[in-house]
Amino acid sequence: MKKFFSIVLMSSLAMGMYTAPALAAQEGPISKQQQLKMINVAHRGASGHAPENTMAAFQKGVDMKADYIEIDVQMSKDGELVIMHDTTVDRTTNGTGAVKDLTLEEMKQLDAGSWFSEKFAGEKIPTFEEVLDEFRGKTGILIELKSPERYPGIEEKVAKALIERNMHKPNNKKMVIQSFHHESIETSKELLPLLPHGVLLGGGWAGVTDEQLADFAAYADYFNPTISIVTPELIDRVHAVGMKMYPYTSRSQEQAYELFSLNVDGIITDYPEHVYDHPGKNQ
Ligand code: G3P
Ligand code: CA
C-alpha cells in the first residue's frame, strides 16, 4: 500500500496534478514514525466496500487490518441496542420507519444489504451485543452513541453490555465511546470511568474556545471533528489539553493524505486502504 501510495503521490507531484491541501499540510514525504502511529478507523465498517453498519462491513474492516471499526448504536422500541446510522431504517434497508418505533424482531426481518449491492442481499441489522461478541479482541471498536437524546437510558444499556463482558477495564485500550451529544458522553464517562471517551464536532465548532477545549478534556480523551474544521492550529490546541484527534470522514486518497500530513492521530475513513497499512502498527 505504501509503495502504491508513494507512486501515486510522486506521479501526481511530478505531473503537477496534486493540489496542495488548503490546510498547510506537511510538505515532503511522510516519515516512518508517522506511518507507524497513524490509527486507521473503518467508518461504519469498511463502508466503501460493503453496506454500512453490517457484519459484512465490519468483517471487511478487520480483513483490511483497520485498527478500529466505527459503529453507530441506537435503541429499538423494545429496548434492544441496534447498529444503524440514520434514525429511520428507510435509506439502508428495504423497510420503513423510525428505529425507536420498530422492535428488534421487526428490524431483524429487514434486508440491510441489497440497497448497497445484490451481493450483500440478506445482510441483517446487527445488535450491539452481536458486534461485541464477534469482534472483541479482533479489532478496536469506536462506539458512537447516535442521537442518544431519542433513547433515554442508552448510556446505561451500553455500559451494562460492556461490563457483562468485562470490557470496561483500562486494559481495553481499543474501545472508545463517542457522540455528538456531549452530555451523553459525560454520563457515559461517569458509568465507565476507565474507558476512553470522545466528543464529535460538526462544522459549527470551527471557533471552539480554549475554555471549551478544557471543558471537553475534563471527561473526553478524543476530540473528533469533521474534516472541514481541521487546521494545524486546532490540532496543536487539542493536543495541548491532552486529547487526541481522529477526524471524520475521509473518502478519498487525497483527503487521507492531507490528514496524514497534518499529523492527526487517526483517520476515520470509508476506505481503510487509503490509510497506510504499515507492517509495524499492531506491534
Ligand atoms: O465517527 C465519526 C462519524 O461517524 C460521525 O459522523 O454521521 O457518519 O455518524 P456519522
Ligand atoms: Ca458514526
Side-chain angles (χ1 to χ4, degrees), residues 38-58 60-61 64 66-75 81-93 98-100 112 115-116 125-128 131-132 135 139-151 154-155 158 174-182 184-185 188 195-206 208 216 220-230 234-235 238 243-252 255-256 259 264-272 274-275:
M38 184 57 65
I39 297 297
N40 192 342
V41 183
H43 179 240
R44 310 180 197 168
S47 58
H49 300 282
E52 65 181 58
N53 280 322
T54 64
M55 296 302 244
F58 301 142
K60 186 71 178 171
M64 297 180 84
D67 296 290
Y68 287 80
I69 52 172
E70 190 256 359
I71 68 175
D72 296 296
V73 182
Q74 300 190 55
M75 200 193 297
L81 298 176
V82 293
I83 309 302
M84 172 70 56
H85 177 270
D86 297 2
T87 53
T88 75
V89 300
D90 300 17
R91 179 177 61 87
T92 57
T93 77
V99 171
K100 70 178 179 50
W115 70 275
F116 186 85
I125 297 173
T127 66
F128 180 55
V131 173
L132 293 182
F135 293 104
T139 183
I141 306 180
L142 177 56
I143 301 164
E144 180 180 347
L145 305 180
K146 179 59 82 185
S147 304
E149 66 281 5
R150 288 182 156 233
Y151 311 109
I154 192 170
E155 299 86 358
V158 166
K174 291 181 73 178
M175 187 73 56
V176 179
I177 302 176
Q178 63 172 1
S179 185
F180 287 102
H181 194 294
H182 303 154
S184 178
I185 290 305
S188 181
L195 280 194
H197 283 69
V199 287
L200 284 165
L201 299 304
W205 285 92
V208 63
F216 288 141
D221 308 274
Y222 293 83
F223 178 98
N224 295 343
T226 179
I227 287 176
S228 67
I229 68 167
V230 176
L234 181 60
I235 296 168
V238 166
M243 291 187 287
K244 291 185 175 176
M245 184 191 288
Y246 295 179
Y248 67 91
T249 301
S250 173
R251 295 191 167 101
S252 71
Q255 281 179 319
L259 291 169
V264 297
D265 303 289
I267 298 174
I268 299 175
T269 178
D270 291 353
Y271 298 93
H274 290 168
V275 181

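In each ligand, atom 1 is the first atom listed, and ligand 1 is the first ligand listed. Just the heavy atoms: all of them, side chains too, but no hydrogens, waters or symmetry mates, feed the values below.
Neighbours of the Ca ion (ligand 2) restricted to protein N, O or S atoms under 3.0 Å: the count is 3.
For ligand 1, the atoms closer than 4.0 angstrom to any heavy atom of K146 are 7 (O), 9 (O), 10 (P). Set against the non-hydrogen atoms of L200, the atoms of ligand 1 under 4.0 Å away are 2 (C). Near E144, with a cut-off below 4.0 Å to any heavy atom, the atoms of ligand 1 are 3 (C), 4 (O), 5 (C), 9 (O). Counting the atoms of ligand 1 from 1 in the order shown, those under 4.0 Å from a heavy atom of E70 are 1 (O), 2 (C), 3 (C), 4 (O).
From the protein, the heavy atom lying nearest to atom 7 (O) of ligand 1 is H85 NE2, 2.7 Å.
For the pair R44 and ligand 1, the shortest N or O to N or O distance falls below 3.5 Å. Of the polar atoms of Y248, none of the N or O atoms is found under 3.5 Å from an N or O of ligand 1, judged by distance alone.
No donor-acceptor distance shorter than 3.5 angstrom exists from the side chain of N224 to the backbone of L200, with no hydrogens or angles considered. Between the side chain of D67 and the backbone N or O of N40, at least one donor-acceptor pair lies under 3.5 Å.
Considering only heavy atoms from C-beta on, T92 stays 4.5 Å or farther from N53 through its side chain. Residues V158 and L145 have side chains in contact (heavy-atom distance under 4.5 Å, counting atoms from C-beta outward).
If you look at D72 next to ligand 1, the close heavy atoms, those under 4.0 Å, all belong to the side chain. Neither the backbone nor the side chain of N224 comes within contact range of ligand 1; no heavy atom lies under 4.0 Å. At a heavy-atom cutoff of 4.0 Å, ligand 1 is contacted by no atom of Y246, backbone or side chain.
Side-chain contact annotation: S250 with H274, donor-acceptor N/O pair under 3.5 Å absent.
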- Test side chain to side chain contact (heavy atoms under 4.5 Å, CB included) applied to H85 and E144, step by step: CA-CA 9 Å; H85 177 270; E144 180 180 347; 5.5 Å; no
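Remark: distances from the non-hydrogen atoms of I268 to ligand 1 include one below 4.0 Å.
For Y151, the ring pair (Phe, Tyr, Trp, His ring centres under 6.0 Å) criterion is met by no residue, not counting sequence neighbours.
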